[in-house]
Amino acid sequence: MQAIELKPNVYWVGGIDWNLRNFHGYQTPRGSTYNAYLIIDEEITLIDTVKHYLFDEMLTRIKSVIDPKKISTIISNHVEMDHSGSLPFILKYAPNATVFTSTRGEKGLQKHYKHNWNIHVAESGESLSIGKRKLTFTHIPMVHWPDSMVTYSGFDKILFPNDAFGQHIASSERFDDELSFGILEEEAAKYYANIVLPYGGQVQKALDALHSLEVDMIAPSHGIIWRKYLKEIIEKYQKWSSNTTNHKAVIVYDTMWGSTEKIAYALYEGLREKGIFVSLRNLNQTHMSDIVTDVLDAKLVLFGSPTLNNGMLPTMGGFLTYLKGLRPKDRVGFVFGSFGWGGQAVGQIESIVDEMGWDRPIASTNINYIPEEQDLKKIRDIGSQLANYIKKNNEK
Ligand code: FEO
């Protein structure tokens, strides 16, 4: 449990959560890390902490560099407990340390820990000298909590952006050049889609502020540290935060006796005939956190459910609740389903797609009992029409 040096006198002292498979509802098949950073300067400074159950791991890593009593400054970039959970414990070792946090951070820490710690509320743009280094704090509200803050060390050219640029990956590797870029991109996209997606406007503002800084390392609070693929990850954040989508479709559905699934496959055929890449996702087999990752760069999303007890299947209800909360914008939607009697599911899904403000250019399909071959032919045609529509109305 050693600290890992990022640059002279700047160390990673975080915890690796190898067994994490669920992060408040988001499936994390690769686990995660909570990254804390230790800077050895005239003021010994700790940036963020780890989830409470990994405190001993963080402490051991800190002790591999310095006596934790010597910590005089702690920066809490974000209140959420995966990063603040060990603050009460480290402050037992360093009770006189001052905790620097944003205005909303101060309120959040008080609510969580009912503490009497030495707190300094850092204004956005404020700097703190810790010796050779000057640390600058910038508030980035709603990326992704109101209290979120980034810390920048110009001396080291390192940005500590907390959750931004994170990925849920548990690994012994700490840097982006030590793992496959494909895995990093996939996990960074999943992280963005599930955590950051509602806040594209705020991300764009934060990216604008980043342009003026000299940065050769981005050290987020989850996963690996970016030092090789900075340009690539910043470009990805530009793309995702600006809602840029591809000629890509996601068909998300559930089925009772196979009729809605037949419609899903017919739509798939129609889209593929026109060269559109399609993800076909059965809600029973694919977790919703993976499906929203598919939605991140897809222009077209097709939703299918049969009617059960006058409504949509609960899997679709849960998925739509999650998707609506993440607020993906400027998408094209299409709704389909099957029914024996009633057939209310389709109308209920349409209402939610419309509430999201999406374009729904083609009337929904709702098949009584089982689709016949002539129905499936019409449905394949609908797939092709949707393909043509997004090609005409989307730049990529
Ligand atoms: Fe990684 Fe918002 O906590």
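FYI, the numbering just counts along the sequence from 1. Read the numbers this way: they start at 1 and go in the same order the structure lists the ligands and their atoms.
- Put simply, the residue from Arg133, Lys7, Lys132, Lys134 that forms a salt bridge (Lys or Arg N to Asp or Glu O under 4.0 Å) with Asp156 is Arg133.
- When distances from atom 1 (Fe) of ligand 1 to the N, O or S atoms of Asp163 are compared, OD1 comes out shortest.
- When distances to atom 2 (Fe) of ligand 1 are checked against a cut-off of 2.8 Å, Glu80 contributes an N, O or S atom below that limit.
- Atom 1 (Fe) of ligand 1 sits nearest to atom NE2 when only the N, O or S atoms of His83 are considered.
- The ring of Phe181 has its center closer than 6.0 angstrom to the ring center of Tyr229.
- The closest approach of Asp82 to atom 1 (Fe) of ligand 1, by N/O/S atoms, is made by OD2.
- The distance between the ring centers of Tyr191 and His168 falls below 6.0 angstrom.
- The six-membered or imidazole ring of Trp240 lies near that of Tyr237, with a centre-to-centre distance under 6.0 Å.
- Under 2.8 Å from atom 2 (Fe) of ligand 1 lies an N/O/S atom of His78, whether from backbone or side chain.
- Proximity of Pro220 to Gln167: side-chain heavy atoms (C-beta onward) are separated by under 4.5 Å at one or more points.
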